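Structure first, commentary second.
All values below were derived from every heavy atom in this structure, side-chain atoms included, with hydrogens, water molecules and symmetry-related copies excluded. What you see is a predicted model, and the numbers here were worked out from it, not measured in a lab.
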Amino acid sequence: MTARQIRPFTDPVLRGVAEPVTVFDRALRDVVKALTLTMRAGPGRAGLAAPQLGLPLRVVAFDYDGKAGHVVNPRLELSERRIVADEACLSAPGVWCPLERSFSVVARGRDMYGKPVTVRAIGMLARVLQHEVDHLDGVLFSDHLAPEERERFLARV
């Protein structure tokens, strides 16, 4: 298996709402492997969502600061504490914008075999999980920006 092409920010597939996974089979394991391989294929990559590979499934992979894995059908519990930090997207490489997100999250879902999984994250990993789960709902990080900042971002993409 080789790394796959990441869909660009302007690709309409990124605006679709991903379908929940209902079958935990070899095809799903191949999706998780493709996500993980593609995410790790370049520097500075901390997370990737299935829609970024053109796959409308609710699956995310992450690898940041020694904590790596995947979550199928993730549900996030967000902390009330918020923090602003720079954020970017693999679908719009090299463009960073400050964005406010929850400081910590608990992600609950399943692994590729259907077993329950819980990921507790703070700081940057929490940001990564929020960003990737947004992709599953057709939300791009630019949607969270103030209108002026969004215009500047879109001009650079």
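Annotation: ring pair (Phe, Tyr, Trp, His ring centres under 6.0 Å) contacts involving residues 116-157, sequence neighbours excluded, comprise Phe9-Phe153, His131-His135, His131-Phe141, Phe141-Phe153. Identified under the salt bridge (charged side-chain N to carboxylate O under 4.0 Å, His left out) test for residues 105-114, with sequence neighbours left out: Glu77-Arg108. Residue pairs meeting the ring pair (Phe, Tyr, Trp, His ring centres under 6.0 Å) criterion with at least one member in residues 74-113: none, sequence neighbours excluded.
Using a 4.5 Å cut-off between side-chain heavy atoms of Ile, Leu, Val, Met, Phe, Trp and Tyr, with links allowed through other members, Val60 and Leu76 fall into the same hydrophobic cluster. Using a 4.5 Å cut-off between side-chain heavy atoms of Ile, Leu, Val, Met, Phe, Trp and Tyr, with links allowed through other members, Leu154 and Leu145 fall into the same hydrophobic cluster. Under a hydrophobic clustering in which Ile, Leu, Val, Met, Phe, Trp and Tyr are joined whenever their side-chain heavy atoms come within less than 4.5 Å, directly or via other members, Ile83 and Val128 fall into different clusters. In terms of hydrophobic clustering, with Ile, Leu, Val, Met, Phe, Trp and Tyr side chains grouped at heavy-atom distances under 4.5 Å, Val133 and Leu125 are assigned to a common cluster.
Nearest heavy-atom pair, Ser102 versus Leu78, reported as atom, atom and distance to 0.1 Å: OG-CB, 3.4 Å. For Ala107 against Leu129, the heavy-atom pair with the smallest separation is CB-CD1, 4.3 Å. Among all heavy-atom pairs drawn from Leu37 and Ala3, the shortest one is CD2-N, 3.5 Å.
Residues passing the side-chain contact (heavy atoms from CB on, under 4.5 Å) test with Glu148, sequence neighbours excluded: Ala146, Arg152. In this structure Arg127 satisfies the salt bridge (Lys or Arg N to Asp or Glu O under 4.0 Å) test together with Glu87, sequence neighbours excluded. With sequence neighbours left out, the salt bridge (Lys or Arg N to Asp or Glu O under 4.0 Å) criterion links Arg15 to Asp143. Scanning for side-chain hydrogen bond (donor to acceptor under 3.5 Å, both in side chains) contacts around Asp30 gives an empty result, with sequence neighbours left out. By the side-chain hydrogen bond (donor to acceptor under 3.5 Å, both in side chains) test, Ser79 is found to be paired with Ser104, residues two or more places apart in sequence or in another chain being considered. Remark: Glu100 engages Arg82 in a salt bridge (Lys or Arg N to Asp or Glu O under 4.0 Å) (not counting sequence neighbours).
Between the Arg58 side chain and the Leu136 main chain, a donor and an acceptor come within less than 3.5 Å of each other. Not a single donor-acceptor pair under 3.5 Å links the side chain of Glu149 to the backbone N or O of Cys97. The main-chain N or O of Val139 is never found under 3.5 Å from a side-chain atom of Asp137 such that the two would form a donor-acceptor pair.
Residues Val31 and Leu57 meet the side-chain proximity criterion, which asks for heavy atoms closer than 4.5 Å. Using a 4.5 Å cut-off on side-chain heavy atoms (C-beta onward), Leu140 and Leu14 make contact.
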Could you list the donor-acceptor pairs under 3.5 angstrom formed by side chains in residues 39-56, with sequence neighbours left out?
from, atom 1, to, atom 2, distance (Å)
Arg40, NE, Asp63, OD2, 2.8
Arg40, NH2, Asp63, OD2, 3.2
Arg45, NH1, Thr38, O, 2.5
Gln52, OE1, Ala49, N, 3.0
Gln52, NE2, Ser91, OG, 3.1

Result block: side-chain N/O donor-acceptor pairs under 3.5 angstrom for residues 17-28, not counting sequence neighbours:
from, atom 1, to, atom 2, distance (Å)
Asp25, OD1, Ala27, N, 3.2
Asp25, OD1, Leu28, N, 3.1

Anything under 3.5 Å between a donor and an acceptor, one on a side chain of residues 64-72, the other on a protein residue two or more places apart or in another chain? List them.
from, atom 1, to, atom 2, distance (Å)
Lys67, NZ, Arg120, O, 2.6
His70, NE2, Met112, N, 2.8

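How far CD1 of Ile6 is from CG of Asp11: 12.0 Å, rounded to the nearest 0.5 Å. Within the model, atoms CZ of Arg101 and CG of Leu99 stand 5.0 Å from one another, a figure rounded to the nearest 0.5 Å.
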